[in-house]
Protein chains: 2
Amino acid sequence: MATEFTGTGDPARSMALLWRVPLNGAARPGPRPTLDVDRIVAAAVRLADAEGLAALSMRRVATDLGVGAMTLYSHVPGKGELVDLMLDAVLAELYPDEALVVAGDWRNRLSTVARANWDFFVRHPWALHLATGRPPLGPHLMRKYELELRAVDGLGLPEVEMDLLVTLVTGFVRGAVGGVQEKADAERVTGITEDQWWAATEPYVAQVLDAERFPTAARVGPVAGEELGAGDPRRSFEFGLDRLLDGIGVLVGQKR
Amino acid sequence: MATEFTGTGDPARSMALLWRVPLNGAARPGPRPTLDVDRIVAAAVRLADAEGLAALSMRRVATDLGVGAMTLYSHVPGKGELVDLMLDAVLAELYPDEALVVAGDWRNRLSTVARANWDFFVRHPWALHLATGRPPLGPHLMRKYELELRAVDGLGLPEVEMDLLVTLVTGFVRGAVGGVQEKADAERVTGITEDQWWAATEPYVAQVLDAERFPTAARVGPVAGEELGAGDPRRSFEFGLDRLLDGIGVLVGQKR
DNA sequence: AGGAGTACCGTACGCCGTACGGAGTCACTC
DNA sequence: GAGTGACTCCGTACGGCGTACGGTACTCCT
């Protein structure tokens, strides 16, 4: 599967696409387009949602739309820009109720932010595999940043720490979903279920995990495997979030 | 660039490779191998370190070794297994001094763990792009797990929480390195430096980030960009680690 | 009426992982 | 000592990928 990089194209063109800047005047020469950017992006998102980022190819998106592969390039400069547009498009789903992000105290708010990000990545797990070192600065990413900053506004924190906190919480969620989602992805990629894989692997682990070399792992591993493997995948998310919010509480408390 | 999945091969074969189980008796027919698994893995790691996971191809590794591409398949079942072996190989570099992980109090220990993981991912950033939902359970991953569990042993925590804490801390570090590293990766992939990219992007951001729609982002973004963009990339790591350890302190303290 | 710019898309290039089969080499059996 | 079978090395080829290039048909502007 692919890690796709966002923000790989020409910034001017990418920004124009993200913000849907009209190209010329209203009247452009040439045949009436049968296709537009939104339909391409929607098809690409459908595909990535259903089959993962590895299945996302220009040819496949074109086929799903019933057009030739090269037709896409009349509307989108390349795959990199398409990925930018996909990400900004699905980010629109976040925070349908904007008031919720500023409801209650800071702990409620950050919890809302974390849960919204969790739901987002569960719905669009391919977004986990995007390297957003150069984020697509579209309207919906802006909105997300704005709303998440509001969750930590008014606490007396310096601006830098507001940014750092938002990055910390959303980064944590990304990792937590990743841990769960990579197991699901592995099932699709290999065609082997988690149970089958572990059944095939466990005998070798048993041979190798001797209590002399690895006493702590031999003690903890089986217990953790049983309790976390069988249980709610949200458990490690909830555990981590509680620790994180407690830690943030120390910072927020001492500024008061 | 590619997200590679670990643990995609036949578990029996993968475990045999990871633990370097000799294949038959000592005397095998056929010509003396000019190549072996270790040399292949070393070449692959060198390549991924230098040029990233996207540059890692079977053909390229073979070329670097001066052999035909298909020769690799005499020693390694496929690229998936090679990636497993690469990861376990570089994990051997972690914790050269095992005593350090159990030195001092829990906070010192977890800080050591976090810093070791930071250094590891900085040295081998391609490891950030591996989906380890089915981890390669080789000797060095086992050792890592063992040592990191020891850092949180003896605190009176249940086994499950020991595992959860280790996952939380290492997951945080992975995210923190990722944030920094993805910018560096983007430079290599696009050939455009961070400064050039921002210079080209900033005018469009200025147009679009109006203080009416995005008041908080308009206030915080520039400050954060200036202080974090110019400064030490470790800053967000240190900030997050402090919050995380404070939060863990709440848990550890209340169990005492 | 004609030029220009556009949408659609067939073909092709250079990558990728790897299946297949052949040639050469060695340890073993008889 | 000849034969057998397993093994290493690897050339070729297949079906995928992103996308450069150029052709054709269409529509607007002058």
Side-chain angles (χ1 to χ4, degrees), chain A residues 1-5 8-10 13 22-40 43-44 47-48 51-84 86 189-190, chain B residues 1-5 8-10 13 22-40 43-44 47-48 51-86 129 189-190:
Chain A
M1 179 185 286
T3 299
E4 300 289 346
F5 281 83
T8 57
D10 168 51
R13 183 78 202 278
L23 281 186
N24 261 346
R28 292 158 53 87
R32 300 229 163 58
T34 62
L35 213 55
D36 60 46
V37 171
D38 287 317
R39 283 188 58 213
I40 294 174
L47 178 55
E51 304 184 30
L53 205 54
L56 184 80
S57 73
M58 299 300 273
R59 286 175 226 259
R60 178 65 193 280
V61 172
T63 302
D64 288 359
L65 286 166
V67 302
M70 295 312 293
T71 300
L72 302 185
Y73 289 88
S74 298
H75 303 269
V76 164
K79 194 183 182 186
E81 289 85 347
L82 176 55
V83 169
D84 284 8
M86 290 170 65
V189 169
T190 64
Chain B
M1 179 186 285
T3 300
E4 300 289 344
F5 281 85
T8 56
D10 168 50
R13 183 78 203 278
L23 280 186
N24 261 346
R28 292 159 53 87
R32 297 232 162 59
T34 61
L35 212 55
D36 59 45
V37 171
D38 287 316
R39 282 189 58 212
I40 294 174
L47 177 57
E51 304 184 29
L53 205 52
L56 183 79
S57 73
M58 298 300 273
R59 285 175 227 257
R60 178 65 195 281
V61 172
T63 302
D64 288 359
L65 286 166
V67 302
M70 295 312 293
T71 300
L72 302 184
Y73 290 88
S74 297
H75 302 270
V76 163
K79 194 183 182 186
E81 289 84 348
L82 176 56
V83 169
D84 284 9
L85 291 166
M86 289 169 66
H129 298 288
V189 168
T190 63

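Order of the sequence lines fixes the chain letters, A, B, ..., with proteins taken first and strands second; residue numbering starts at 1 for each chain.
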(request) Mind checking Leu72(A) for me? I need base, sugar-phosphate or nothing, with any heavy atom below 4.0 Å counting as a touch. (result) nothing

(request) Describe the nucleic acid contact of Leu56(B) in one word from base, sugar-phosphate, nothing, applying a heavy-atom distance below 4.0 Å. (result)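 Since only primed, P, OP1 and OP2 atoms lie under 4.0 Å of Leu56(B), the category is sugar-phosphate.
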
At under 4.0 Å, does any side-chain N or O of [X] touch on OP1 or OP2 of [N]?
X	N	result
His75(A)	dT6(C)	no
Arg32(B)	dC7(D)	no
Ser74(A)	dC9(C)	no
Arg28(B)	dT8(D)	yes
Thr34(A)	dC8(C)	yes
Thr71(B)	dC10(D)	yes

(message) With nearest nucleotide decided by heavy atoms, which residue, Met70(A) or Pro31(B), maps closer to the 5′ end of DNA chain C?
(response)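 Of the two residues, Met70(A) wins.
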
(request) Specify the residue among Lys79(B) and Tyr73(A) whose closest nucleotide of DNA chain C lies further upstream toward the 5′ end. (result) Tyr73(A)

(request) Return the residues of residues 60-69 of chain B meeting this criterion: a heavy atom under 4.0 Å from some atom of DNA chain D. Order them by number, or give none. (result)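 Within residues 60-69 of chain B, the residues near DNA chain D are Val67(B), Gly68(B).
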
(request) Record whether the side chain of Arg59(A) comes under 3.5 Å of the base of dG18(D) through a donor-acceptor pair of N or O atoms. (result) yes

(request) Could I get the full list of salt bridge (Lys or Arg N to Asp or Glu O under 4.0 Å) partners for Asp36(B), not counting sequence neighbours? (result) none

(message) Side chain of Ser57(B), heavy atoms from C-beta onward: which of dC28(D), dG17(C), dT8(D) has the nearest atom to it?
(response) dG17(C)

Integer-rounded Å distance: [N] [atom2] and [X] [atom1]:
X	N	atom1	atom2	result
Ile40(B)	dT8(D)	CD1	P	11 Å
Leu53(A)	dC17(D)	CG	P	13 Å
Met58(A)	dG18(D)	CE	P	7 Å

(message) If I take atom CD from residue Glu81(B) and atom CD1 from residue Ile40(B), how far apart are they, to the nearest 0.5 angstrom?
(response)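 These two atoms lie 12.0 Å from each other.
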
Would you check if [X] and [Y] make a side-chain contact, meaning some heavy-atom pair closer than 4.5 Å?
X	Y	result
Val76(B)	Leu85(B)	yes
Leu72(B)	Val61(B)	yes
Glu51(A)	Arg60(A)	yes

(message) Strictly distance-based, threshold 3.5 Å: is any side-chain N or O of Lys79(A) a donor or acceptor partner for the main-chain N or O of Leu56(A)?
(response)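 Yes, Lys79(A) side chain to Leu56(A) backbone: donor-acceptor pair under 3.5 Å.
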
(message) One pair to check against side-chain contact (heavy atoms from CB on, under 4.5 Å): Thr3(A) and Leu53(B). What are the steps and the verdict?
(response) CA-CA 10 Å; Thr3(A) 299; Leu53(B) 205 52; over 6 Å; no

